[in-house]
Each structure stands twice: as structure tokens, then as C-alpha cells.
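Input: a single structure, listed below in C-alpha cells.
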Amino acid sequence: MENLYIKNFITLDYEIDMLRQAMIEKGKTKGLNDPETLQYSEKLDKLIFYHQHLRKRLQKAD
């Protein structure tokens, strides 16, 4: 089970990085208050929250 958490954690790191870059680019081209930029931000918030949740579970497994 721990390996699954680690795999998800690594995949999640990648997804967060890609989404962060997409949000930054969208913010540069359309502005920070554009609905698309805000959607990226909301998705990023959810992924970061889940990332923190997984990190806590991994720390408890140690």
C-alpha cells in the first residue's frame, strides 16, 4: 500500500508542476482574474491539498 502512496505522490508532484506552469502562462496572457486562470488556480489548490494529505499518510507509515 505504501508503494501506491509513493507512486501517487510522485505523479501528483508532476501534475502540480504542470498545472502551475499552465496557470502562470494563462495568467500572463489573459490576466490573473480571467476565468480560465482562476479555474487553474482552483484545480491547483485541490491538488496541493491532496498532496499534503498523502504526505501526512506517508509520514504516519514511517
Side-chain angles (χ1 to χ4, degrees):
M1 189 70 160
E2 185 177 327
N3 287 338
L4 180 61
Y5 286 131
I6 292 171
K7 183 178 179 183
N8 284 343
F9 196 73
I10 293 168
T11 302
L12 200 51
D13 275 344
Y14 177 77
E15 288 180 31
I16 288 170
D17 287 341
M18 294 296 104
L19 189 56
R20 183 178 287 127
Q21 287 302 316
M23 182 186 72
I24 290 168
E25 289 304 314
K26 190 61 70 177
K28 286 179 181 178
T29 58
K30 291 198 168 192
L32 298 178
N33 291 322
D34 183 76
E36 286 183 73
T37 305
L38 295 174
Q39 282 181 330
Y40 280 122
S41 178
E42 289 173 9
K43 288 179 186 179
L44 189 57
D45 287 345
K46 289 176 185 177
L47 287 180
I48 290 171
F49 178 79
Y50 184 58
H51 185 275
Q52 292 170 342
H53 173 75
L54 280 180
R55 179 178 291 177
K56 286 180 185 178
R57 292 193 81 145
L58 284 171
Q59 288 174 345
K60 286 182 182 179
D62 288 340

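Quantities reported herein were computed from a predicted structural model and do not represent experimental measurements. Residue numbers run from 1 in the order of the sequence given.
Within the model, atoms CZ of Phe49 and CG of Leu44 stand 14.0 Å from one another, a figure rounded to the nearest 0.5 Å. Going from atom CD1 of Ile24 over to atom OG1 of Thr29 covers 12.0 Å, rounded to the nearest 0.5 Å. Atom-to-atom distance recorded for Gln39:CD and Lys26:NZ is 10.0 Å, nearest 0.5 angstrom. A distance of 10.5 Å separates CG of Leu12 from CD of Gln52, quoted to the nearest 0.5 Å. Put simply, CZ on Arg20 and OG on Ser41 are 10.5 Å apart, with the number rounded to the nearest 0.5 Å. Atom OH of residue Tyr40 and atom NZ of residue Lys30 lie 9.5 Å apart, to the nearest 0.5 angstrom.
Evaluation of the salt bridge (charged side-chain N to carboxylate O under 4.0 Å, His left out) test over residues 40-51, restricted to residues two or more places apart or in two chains, returns none.
With Thr37 contributing its side chain and Gly31 its backbone, the two residues share a donor-acceptor pair below 3.5 Å.
Under a hydrophobic clustering in which Ile, Leu, Val, Met, Phe, Trp and Tyr are joined whenever their side-chain heavy atoms come within less than 4.5 Å, directly or via other members, Ile10 and Ile48 fall into the same cluster.
Heavy-atom minimum distance, Leu38 versus Asn33: CD1-O, 3.6 Å.
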I'd like to know whether Leu19 forms a side-chain contact (heavy atoms from CB on, under 4.5 Å) with Glu15, so could you lay out the CA-CA distance, the side-chain angles of the two residues, the decisive distance to 0.1 Å, and finally the verdict. CA-CA 6 Å; Leu19 189 56; Glu15 288 180 31; over 6 Å; no

